[in-house]
Enquirer: 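Here it is, the structure in full.
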Amino acid sequence: MNSVLQHDLNNFENILEKTKKQGIDFLNDLENIPTSNKNSIDHSRELNELGLGSLAALEEFNERLAPLMVASSGPRYWGFVTGGSTPASIVGDWLTSVYDQNTQAVKAQGGVSALIEFETINLLLQLLELPKSFLGGFVTGATMSNFTCLGVARQWFGKQSGKDFAKNGISETINIFSATPHSSSIKTLSMLGIGSQNYTPIQTIEGNREGIDIVDLEKNIKNLNGKPFILISSAATVNTADFDDFEAILKLKEIYSFWWHIDAAFGGFAAVSDKYKHFVKGWEGADSITIDCHKWLNVPYESAFYLIKEQHTALQIETFQNSNAPYLGNPLENFNYFNVVPENSRRLRALPVWFSLLAYGKEGFRDIVENNISLALNFGNALIEEESFELLAPIRLNNVCFTLKGDHNQGKVSQFLSELNNTGKVFMTPTVYQNRKGIRASFVNWRTTAEDIRIVIDEMKEVFSKI
């Protein structure tokens, strides 16, 4: 064995203890760590010949690279839709690295950790009150979940005319409808060879809405004259957390032939609350659903899962099977994840979720969701009380879309947000909504409190007074 490796092996416990202490120190001080910074490094470092060993590498990391880290898992990181990491999820994530499984099979001499993934998906179906007619698995994020679901939808579309797109390529235009798709869905259309511009935009409901106008949707369906199509719908749009009318879509599905996909990356967790589950009523009728875990489930990145109706399993295997590797066995006889998802190499992403679900249960996640929504409403009310800000849209769930008050301040929005983020007290992301520059704050972190809102409002007032 290499001498440096041997030394690390002999010193393993000490190495992990020092690493654990550093992690605990970071997490204990998370509220004071900046949410943004301007630090940089000279990244032209040359690789040393002999190696430093783990502890020396840790020292260099602390000196050069640790200053790049921000409190993205902290209570005032409101950019994008970014959750934190609960204690239980960190336990699961650490053990995922320790056990280092390539999670694939449920029946194999070489490992059956996929059984843990099966169980975790079953627990998630219970949390979200979805039927067991869905099968699922874990991927890196919403982009790959959308890719998995829409890849199977692409195969379904081809089969409607007796074609195998997975084997022979796309040979005809695929009809796709959507009103306010997330950018990851559009990216997926590009990745699947469909084309990021090759979808038909459906009108949105009048009155500051981003949800599908069902009348316009049905008009476009009728124009197809019976041809199949794929519908990409939203459970919480990224700007205003608006939902499509799933009950109305479910009624259309009784009449017309289409694949119904729901991007529910964060909005799907409305299902855990009696107050908000009406938003997803009817979503059990979908063919596929995308949901992130590193958002509202508050587990470490990268973690998301797909749900696809069991009746489509054959299509899923046709789409993703390793068809030129006979040593992998018959995919129809022995379930293996590398025949139903894009990746052949898969870490045990289910484990942090499994720990989280068992540790906190339905009530724990109901509390997180309802608390975050309450905080979003409180933040919105605080903005309304200030003369300098205005809401761009109603607060429907956990996202607050707002801007500087008055058209005369539109030119200052970017400067304001840049200077606000530079304080390191909060991080929010820019947006454009109904042709107006805006700012979006998303509440999904389990650590966020009313005190954080007070801190942020004070910072916003201070920054605005200077511009």
Side-chain angles (χ1 to χ4, degrees), residues 77-83 141-143 145-146 177-189 196 199 201-213 216-217 231-246 261-270 276 279-280 290-292 294-296 369 372-373 375-384 389-405 407 409-410 413-414 416-418 420-421 426-445 448 456 460:
Y77 196 93
W78 300 347
F80 311 104
V81 187
T82 305
T143 302
S145 182
N146 282 324
F177 296 151
S178 190
T180 315
H182 187 265
S183 61
S184 65
S185 293
I186 303 305
K187 182 177 182 177
T188 290
L189 298 183
S196 59
Y199 75 95
I202 303 299
Q203 293 179 13
T204 55
I205 304 168
E206 293 184 2
N208 205 342
R209 293 290 307 276
E210 292 186 300
I212 286 175
D213 183 324
D216 188 58
L217 173 60
L231 175 66
I232 303 174
S233 63
S234 298
T237 56
V238 71
N239 263 338
T240 69
D242 203 355
F243 288 73
D244 293 330
D245 187 339
F246 297 151
H261 174 63
I262 300 176
D263 185 337
F266 65 95
F269 287 100
Y276 302 103
F279 282 127
V280 294
T290 284
I291 300 181
D292 271 335
H294 53 230
K295 291 184 170 65
W296 234 336
V369 167
N372 283 152
I373 296 172
L375 291 169
L377 293 169
N378 290 345
F379 181 59
N381 289 333
L383 292 174
I384 292 170
F389 310 100
E390 62 177 302
L391 297 179
L392 286 173
I395 300 171
R396 300 184 178 93
L397 203 67
N398 63 315
N399 283 357
V400 183
C401 192
F402 68 99
T403 191
L404 303 185
K405 195 166 189 176
D407 291 339
N409 278 322
Q410 277 288 287
V413 174
S414 297
F416 168 81
L417 181 57
S418 178
L420 178 65
N421 286 340
V426 65
F427 181 80
M428 292 184 267
T429 37
T431 191
V432 176
Y433 182 70
Q434 295 188 344
N435 298 317
R436 295 186 71 191
K437 290 182 179 180
I439 300 168
R440 191 172 54 83
S442 185
F443 293 81
V444 288
N445 191 291
T448 309
V456 172
M460 292 172 66

Enquirer: Considering residues at least two apart in sequence or located in another chain, which fulfil the side chain to side chain contact (heavy atoms under 4.5 Å, CB included) criterion with Leu391?
Expert: Leu383, Ile384, Ile395, Val400, Phe402

Enquirer: Please step through side chain to side chain contact (heavy atoms under 4.5 Å, CB included) for the pair Asn421 and Leu417, ending with a clear verdict.
Expert: CA-CA 6 Å; Asn421 286 340; Leu417 181 57; 3.7 Å; yes

Enquirer: For the atom pair CG (Asn372) and CG (Leu377), what is the distance rounded to the nearest 0.5 Å?
Expert: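 That separation rounds to 11.0 Å.
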
Enquirer: Given side chains that start at C-beta, do those of Leu404 and Phe389 come closer than 4.5 Å, heavy atoms only?
Expert: yes

Enquirer: Nearest 0.5 Å, please: how far is OG1 in Thr448 from CG in Asn378?
Expert: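 So the gap between those two atoms works out to 12.0 Å.
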
Enquirer: Rounded to the nearest 0.5 Å, what's the gap from OG1 on Thr204 to CG on Asp216? Could you check?
Expert: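 With rounding to 0.5 Å, OG1 (Thr204) is 9.0 Å from CG (Asp216).
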
Enquirer: What are the two closest non-hydrogen atoms of Ile186 and Ser196, and how far apart are they?
Expert: CG2-O, 3.4 Å

Enquirer: Going by heavy atoms in the side chains, are Trp296 and Ile291 under 4.5 Å from each other?
Expert: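 No. Closest side-chain heavy atoms not under 4.5 Å.
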
Enquirer: Counting distance only, does the side-chain N/O of Asp244 pair as donor-acceptor with the main-chain N or O of Ile212 below 3.5 Å?
Expert: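 Yes; at least one donor-acceptor contact below 3.5 Å.
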
Enquirer: Give the C-alpha distance, both sets of side-chain angles, the deciding distance and a yes or no for side chain to side chain contact (heavy atoms under 4.5 Å, CB included) between Ile262 and Phe246.
Expert: CA-CA 9 Å; Ile262 300 176; Phe246 297 151; 3.8 Å; yes

Enquirer: Rounded at 0.5 Å granularity, tell me how far NZ in Lys295 sits from CZ in Phe80.
Expert: 10.5 Å

Enquirer: How many angstroms lie between CG in Leu397 and CZ in Phe279, if you round to the nearest 0.5 Å?
Expert: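 With rounding to 0.5 Å, CG (Leu397) is 6.0 Å from CZ (Phe279).
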
Enquirer: Side-chain contact, heavy-atom cut-off 4.5 Å: Phe266 with Asp292?
Expert: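 No, side chains not in contact.
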
Enquirer: What do the steps show when you test Leu392 against Gln434 for side chain to side chain contact (heavy atoms under 4.5 Å, CB included), and what is the final call?
Expert: CA-CA 8 Å; Leu392 286 173; Gln434 295 188 344; over 6 Å; no

Enquirer: Kindly compute the distance separating CG (Asp263) from OG (Ser233), expressed to the nearest 0.5 Å.
Expert: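 That separation rounds to 8.5 Å.
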
Enquirer: Is any side-chain heavy atom of Val81 closer than 4.5 Å to a side-chain heavy atom of Arg440?
Expert: yes

Enquirer: Report the relative orientation of the aromatic rings in Trp78 and Phe443; use parallel for angles under 30°, tilted for 30 to 60°, perpendicular for over 60°.
Expert: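 Ring orientation of Trp78 relative to Phe443: tilted.
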
Enquirer: Hey, mind stepping through Thr240 and Arg209 against side chain to side chain contact (heavy atoms under 4.5 Å, CB included) and telling me if it holds?
Expert: CA-CA 8 Å; Thr240 69; Arg209 293 290 307 276; over 6 Å; no

Enquirer: Hey, are the side chains of Asp242 and Thr180 touching, using non-hydrogen atoms and a 4.5 Å cut-off?
Expert: no

Enquirer: Do you know the tightest heavy-atom contact between Ser145 and Thr290?
Expert: OG-OG1, 3.0 Å

Enquirer: Of the non-hydrogen atoms in Glu390 and Arg436, which two are nearest, and what is the gap between them?
Expert: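 Taking every non-hydrogen atom into account, OE2-NH2, 3.2 Å.
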
Enquirer: Using a 4.5 Å cut-off on heavy atoms from C-beta on, say whether the side chain of His261 contacts that of Asn146.
Expert: yes

Enquirer: Work out which heavy atom in Tyr433 is nearest to a heavy atom in Cys401; give both atom names and the distance.
Expert: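 Between these two residues, the closest heavy atoms are CB-SG, 4.1 Å.
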
Enquirer: Could you check if a side-chain atom of Val456 sits within less than 4.5 angstrom of a side-chain atom of Met428, using non-hydrogen atoms only?
Expert: yes

Enquirer: Could you pull out the closest heavy-atom pair between Pro394 and Asn208, with the gap in Å?
Expert: CD-ND2, 3.8 Å

Enquirer: Using a strict threshold of under 4.0 Å (side-chain N to carboxylate O), is an ion pair present between Arg396 and Glu210?
Expert: no

Enquirer: Determine the sole option in Asn399, Thr403, Asn239 for which the side chain to side chain donor-acceptor pair (under 3.5 Å) test with Thr431 is passed.
Expert: Asn239

